**Q** 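Can you read through this structure? Questions will come right after.
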Protein chains: 2
Amino acid sequence: MRVEFTPDDFQVALATSVVVFGFDGANLQVLIAKKVGMPYEGAIILPSTVVHPNEDVEATARGLVERVTGKQDWPLEQLNAHADVYRNPVGRVVNISFYCLIKLDDELQSNLKKANYRWVNADDVPAMAYDHDSVLEYAKERLKRRVKRRPIGFSLLPKEFTMNQIQRLYECALGKSFDKRNFRRKLLKSALLLETDKMTRATARAKRPSRLYQFDEKKYRTMTLRGYDFVF
Amino acid sequence: MRVEFTPDDFQVALATSVVVFGFDGANLQVLIAKKVGMPYEGAIILPSTVVHPNEDVEATARGLVERVTGKQDWPLEQLNAHADVYRNPVGRVVNISFYCLIKLDDELQSNLKKANYRWVNADDVPAMAYDHDSVLEYAKERLKRRVKRRPIGFSLLPKEFTMNQIQRLYECALGKSFDKRNFRRKLLKSALLLETDKMTRATARAKRPSRLYQFDEKKYRTMTLRGYDFVF
DNA sequence: TCAAAAGTGTTAATCCTACACCCATGC
DNA sequence: GCATGGGTGTAGGATTAACACTTTTGA
């Protein structure tokens with residue numbers, strides 16, 4: 001079997017886009033950007049960058065996330081390569097996309113305001129340029145599958161969080177709702193959570209304070225590596 | 001957010017490799033090839049080909065599978081892109097890999113003998129050139145996950161097959177073994193199988209003939225699209 | 001005292017697991 | 001008649017799904 005390249009074959013460029021998920025306590029959010037310069041000037045896109053021919057794709061994507069959010073957080077997960085011949089008007093560009101999960105906080109929010117980025121509800125993302133709509137669709141699909149095989153939350157939730165927050169997160173990620181008692185029982189049985197002795201008022205409207213939990217980090221890591229079958 | 005390409009960025013080449021799984025009734029097999037020409041002359045590789053700058057990646061991969069096996073079969077599934085800077089000594093080559101599942105038959109086997117391909121047991125694949133070992137590892141991982149979410153077998157088994165064949169297939173794919181009665185009950189409950197009134201001798205050594213089943217195609221397709229949670 | 005969200009148990013149905021023997025046939 | 005794989009049922013434990021009321025607090 002021959003696999004021979006001619007100089008003419010080295011004519012493709014690389015790009016990477018990142019679907020950055022965040023969770024604001026009520027909804028899953030996605031980070032979007034506004035395109036500057038041609039083509040698609042002013043269009044909404046996913047945070048994206050050129051990958052130069054001597055650069056590592058994942059390292060470039062990681063740099064992009066850090067530049068945009070100021071955070072280095074949980075590992076990136078590679079999504080499909082998007083490689084349609086005419087997906088980019090400037091030439092053949094193969095986009096290798098990733099997703100990652102980061103914690104939202106106020107500092108992050110205000111940093112973003114200065115830059116040309118904003119968070120939008122994951123189910124309410126406006127139409128984007130290139131094929132970024134389908135990159136996002138695929139990322140949401142992958143997140144759904146991921147939730148059933150490995151825990152999420154460590155990167156998305158604050159260090160201490162309430163049962164309702166984590167339930168809401170799972171509901172957003174999977175797009176359905178759960179019975180409070182059953183959800184609670186299942187999570188506690190998994191022994192993934194540690195009960196703290198702190199209480200908080202979950203929202204301004206909530207009167208009664210609720211208990212805060214945190215992840216058992218060791219267990220969380222084990223489950224992240226080994227995987228499980230969570231049948232929600 | 002700017003994403004601007006310079007002419008220097010268009011210097012990358014594309015390749016695609018395919019992990020072709022087959023099932024011989026007893027073991028999962030993978031199709032491997034022998035490299036002709038430099039670099040890695042004579043090395044074992046996955047079936048691979050250059051993707052020219054104006055070619056669609058998936059179509060090229062599909063053409064590769066058809067050329068090698070003479071079959072056009074079940075859809076290809078995209079695996080990760082492999083894009084390490086120095087993965088190919090001739091220059092920066094991004095490999096977008098796929099896996100597919102095809103039926104083994106005798107005609108196919110003898111065609112292969114003429115060409116430079118051969119089937120090897122999926123758990124016994126020799127070391128390969130480039131990063132094809134890790135492409136294969138990832139493909140096996142993906143197949144495992146796939147088995148739990150969608151049915152397999154339609155593309156891997158003959159039209160009519162015995163319970164033991166399909167059980168053996170699932171055992172190979174997941175790398176563990178199941179209780180005969182429990183497996184049978186579960187598959188029958190899924191209503192994925194139609195019982196035929198034919199019987200066969202499964203192997204030469206088997207004395208008693210066993211019943212043949214086929215897939216309920218409509219149900220199979222529904223489950224392929226919708227997915228399920230098979231907790232084997 | 002009322003509004004709002006927090007928290008809590010039980011039951012019935014289903015599913016999973018583990019387990020061992022007889023059957024039909026070819027040799 | 002015996003060796004080979006084909007085929008079958010059950011019981012105990014675990015897991016799920018569905019369900020509604022009381023508690024705590026701030027306003």
Side-chain angles (χ1 to χ4, degrees), chain A residues 24-27 147-149 151 157-158 160-172 174-214 223 227-232, chain B residues 24-27 147-149 157-158 160-172 174-214 223 228-232:
Chain A
D24 66 5
N27 285 105
V147 166
K148 298 193 178 187
R149 294 219 21 90
L157 293 168
E160 299 179 321
F161 48 86
T162 67
M163 272 290 176
N164 278 20
Q165 284 172 324
I166 191 170
Q167 178 173 349
R168 181 83 191 127
L169 170 58
Y170 273 85
E171 288 177 340
C172 288
L174 290 168
K176 52 179 163 170
S177 52
F178 303 109
D179 179 89
K180 200 162 45 157
R181 285 163 288 192
N182 294 340
F183 183 86
R184 206 169 266 256
R185 188 172 21 240
K186 178 168 248 173
L187 260 195
L188 290 176
K189 186 157 50 66
S190 78
L192 206 57
L193 300 189
L194 298 172
E195 192 175 301
T196 73
D197 49 9
K198 296 185 212 150
M199 306 288 277
T200 192
R201 282 178 67 196
T203 67
R205 292 191 317 187
K207 315 286 159 121
R208 178 173 172 180
S210 63
R211 181 171 299 281
L212 288 168
Y213 294 82
Q214 39 181 240
M223 284 189 154
Y228 52 75
D229 287 291
F230 232 144
V231 184
F232 277 111
Chain B
D24 66 5
N27 285 105
V147 166
K148 296 191 179 188
R149 296 219 19 93
L157 293 168
E160 298 179 321
F161 48 86
T162 67
M163 272 292 175
N164 277 19
Q165 283 173 325
I166 190 170
Q167 179 172 348
R168 180 84 190 126
L169 170 58
Y170 273 85
E171 288 177 340
C172 289
L174 290 168
K176 53 177 162 170
S177 53
F178 302 109
D179 179 90
K180 201 161 47 157
R181 283 163 290 192
N182 294 341
F183 183 85
R184 206 170 268 256
R185 185 168 29 236
K186 178 168 247 173
L187 261 194
L188 290 175
K189 184 158 48 65
S190 79
L192 207 58
L193 300 190
L194 299 172
E195 190 176 301
T196 72
D197 49 11
K198 296 186 214 148
M199 307 288 275
T200 191
R201 283 177 69 195
T203 67
R205 289 192 320 188
K207 314 288 157 117
R208 177 173 171 180
S210 63
R211 182 170 299 282
L212 288 168
Y213 293 82
Q214 37 181 244
M223 284 190 154
Y228 52 76
D229 287 292
F230 232 145
V231 185
F232 278 113

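None of the values given here were measured: they were computed from a predicted structure. Order of the sequence lines fixes the chain letters, A, B, ..., with proteins taken first and strands second; residue numbering starts at 1 for each chain.
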**Q** Output the residues of residues 176-187 of chain A in contact with DNA chain C, where contact means a heavy atom of the residue under 4.0 Å from an atom of the strand; sort by number or write none.
**A** Lys180(A), Arg181(A), Arg184(A), Arg185(A)

**Q** With distance as the sole test, does Thr196(A) use its side chain to make a donor-acceptor pair with the main-chain N or O of Leu212(A) at under 3.5 Å?
**A** yes

**Q** Is a salt bridge present between Arg149(A) and Asp229(A), judged by a nitrogen-to-oxygen distance below 4.0 Å?
**A** yes

**Q** If you measure from the Lys or Arg side-chain nitrogens to the Asp or Glu carboxylate oxygens, is any gap between Glu160(A) and Lys198(A) under 4.0 Å?
**A** yes

**Q** Would you find a donor on one side and an acceptor on the other, under 3.5 Å apart, between the side chain of Gln167(B) and the backbone of Arg184(B)?
**A** no

**Q** Can you tell me the distance, in whole Å, between the CZ atom of Arg168(A) and the C1' atom of dA5(C)?
**A** 15 Å

**Q** Less than 4.0 Å between a side-chain N and a carboxylate O, is that true for Glu171(A) and Lys176(A)?
**A** no

**Q** Answer yes or no: does a side-chain N or O of Asn164(B) lie under 4.0 Å from OP1 or OP2 of dG5(D)?
**A** no

**Q** Please report the closest heavy-atom contact between Asn182(A) and Asp179(A), naming both atoms and the distance.
**A** N-OD2, 3.0 Å

**Q** Atom CG of Leu188(B) to atom P of dG6(D): distance rounded to whole Å?
**A** 15 Å

**Q** Pick out the pairs of N or O atoms, protein on one side and nucleotides 23-27 of chain D on the other, that lie under 3.5 Å.
**A**
unit_1, atom_1, unit_2, atom_2, d
dT23(D), O2, Arg208(A), NH1, 2.3

**Q** May I have the distance from Asp229(A) (atom CG) to dT15(D) (atom C1'), rounded to whole angstrom?
**A** 14 Å

**Q** Would you kindly give the CE-to-P distance between Met163(A) and dA6(C), to the nearest whole Å?
**A** 12 Å

